[in-house]
Amino acid sequence: MKYILVHYLFIGLCLLSCKNSLKSVDTAVYESDNLIVNKISNQTYEHISYLNTKEFGRVPSNGMFVVNEGEVVIFDTPVNNESSLELIEFITKNLKSNITAVIPTHFHEDCVGGLKAFADYGISIYASNKTLELLKEKRNKLYEPINGFNDTLVLNLGKEEIYTKYFGEGHTIDNVIGYFPKDNVVFGGCLIKEIGANKGNLEDANTNDWSKTVEKIKTRYPDVKIVIPGHGNRGGAELFDYTMKLFK
């Protein structure tokens, strides 16, 4: 009997240790007044910066970057050049890695506000052709070097691949998502809502198609482990379900 109790106690401690080790991956590795960087899995990080808005106040805005074999791909810039410079310096100096690409997931300021900082460093910018058109039309912003793509972009990240894909209209007509298969992480940007969020900024939205677009993403990535929304707390596939319900 004593042996059985000790045995189960040992198993419980092992499970607790495993649970804690998994939690330790979710770690804040940089924090300032303008920028937070969280490590959320083996090679994937979340960056958070703050957009000042009239309607919603100071809004935390999420982005993602992935590090592999000394190379980095970033989804969405921080909201301005100042916080973008902080991110560039953190990656190059602290992580000692080379940023090979930055990809805005749509044309709004919380995705493109720091493009100039990346362009000034000679970092390649990739954006969907829809985003490029909207940047010219609505924001009068384009920075070189820049590369357009249609529905899908696949970039090498060391020996791994990282994907950008367009599934349809929702928050905007140009919103794309990012996916890193090795960590099974989807960066949904503003197309995906955190649990409990309201509908938010609908100025450029297609609310009729939004739910159908997210359903396509869920079908494509049914076993995703981590989903990062454009604003608020990340989660898993339940963020797809919540967003679909919100816009049905």
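Scope of the values below: all heavy atoms of this structure, side chains included, with no hydrogens, waters or symmetry mates. One-based numbering along the sequence shown.
The two residues F65 and I74 make their nearest non-hydrogen contact at CB-CG1, 3.6 Å. Considering all non-hydrogen atoms of both residues, I226 and I40 come closest at CD1-O, 3.6 Å. Contact detail for I48 and P60: the closest heavy-atom pair is CG2-CB, 4.0 Å. Scanning all heavy atoms of the two residues, the minimum distance from D76 to T105 falls at OD1-N, 2.6 Å. Considering all non-hydrogen atoms of both residues, C111 and P104 come closest at O-CB, 3.7 Å.
Just one of L153, I146, T131 meets the side-chain contact (heavy atoms from CB on, under 4.5 Å) condition when paired with Y126; it is L153. Among the candidates T92, V37, V72, the single residue satisfying the side-chain contact (heavy atoms from CB on, under 4.5 Å) test with L87 is V37.
Residues H231 and D110 have side chains that bring a donor and an acceptor to within less than 3.5 angstrom of each other. Judged purely by distance below 3.5 Å, without hydrogens or angles, the side chains of N34 and E82 pair a donor atom with an acceptor atom. There is no side-chain donor-acceptor pair under 3.5 Å between N81 and S84.
Ion pair K116/D120 flagged as a salt bridge, since at least one NZ, NE, NH1 or NH2 atom sits closer than 4.0 Å to an Asp/Glu carboxylate oxygen.
Side-chain contact between E71 and N68 is absent, with no heavy-atom pair separated by less than 4.5 Å. Here the side chains of P181 and Y221 are not in contact, with every heavy-atom distance at 4.5 Å or above. Side-chain contact between Y45 and I91 is absent, with no heavy-atom pair separated by less than 4.5 Å. Looking only at side-chain heavy atoms (C-beta outward), L115 and I125 come within less than 4.5 Å of each other. At least one side-chain heavy atom of I36 sits less than 4.5 Å from a side-chain heavy atom of Y50. Residues K165 and Y179 have side chains not in contact (no heavy-atom distance under 4.5 Å, counting atoms from C-beta outward). Counting heavy atoms from C-beta outward, E86 and P78 have side chains that stay 4.5 Å or more apart.
Using a 30° and 60° split on the angle between ring planes, F247 and W210 fall in the parallel class, below 30°.
Looking only at distances, no side-chain donor or acceptor of N156 sits under 3.5 Å from a matching main-chain atom of G158. Of the possible donor and acceptor atoms, one in the side chain of N175 sits under 3.5 Å from a partner among the backbone N and O of G168.
One hydrophobic cluster, built from ILVMFWY side chains closer than 4.5 Å, cannot hold both V176 and I217; they sit in different ones. Cluster membership for I192 and V186, using ILVMFWY side-chain heavy atoms within less than 4.5 angstrom, is shared. No single ILVMFWY cluster, assembled from side-chain heavy atoms under 4.5 Å apart, contains both M64 and V227. In the hydrophobic clustering of this structure, F118 groups with L135; members are Ile, Leu, Val, Met, Phe, Trp, Tyr whose side-chain heavy atoms approach within less than 4.5 Å, directly or through other members.
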- Evaluation steps, side-chain contact (heavy atoms from CB on, under 4.5 Å), between D204 and K138: CA-CA 11 Å; D204 299 298; K138 297 199 173 190; 3.0 Å; yes
- Query: Run the side-chain contact (heavy atoms from CB on, under 4.5 Å) check on I99 and Y121 step by step: do they pass?
  - Reply: CA-CA 10 Å; I99 303 169; Y121 267 76; over 6 Å; no
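A search for salt bridge (charged side-chain N to carboxylate O under 4.0 Å, His left out) contacts involving E46 returns R234, not counting sequence neighbours. The ring-ring contact (aromatic ring centres under 6.0 Å, His included) search around F167 returns none, not counting sequence neighbours.
Atom SG of residue C190 and atom NE2 of residue H106 lie 4.0 Å apart, to the nearest 0.5 angstrom.
Counting only residues at least two apart or on different chains, the ring pair (Phe, Tyr, Trp, His ring centres under 6.0 Å) pairs with a member in residues 78-105 are Y30-F90.
Cation-pi check for K130 over Y166 is met; the charged atom lies under 6.0 angstrom from the ring centroid and within 45 degrees of its normal.
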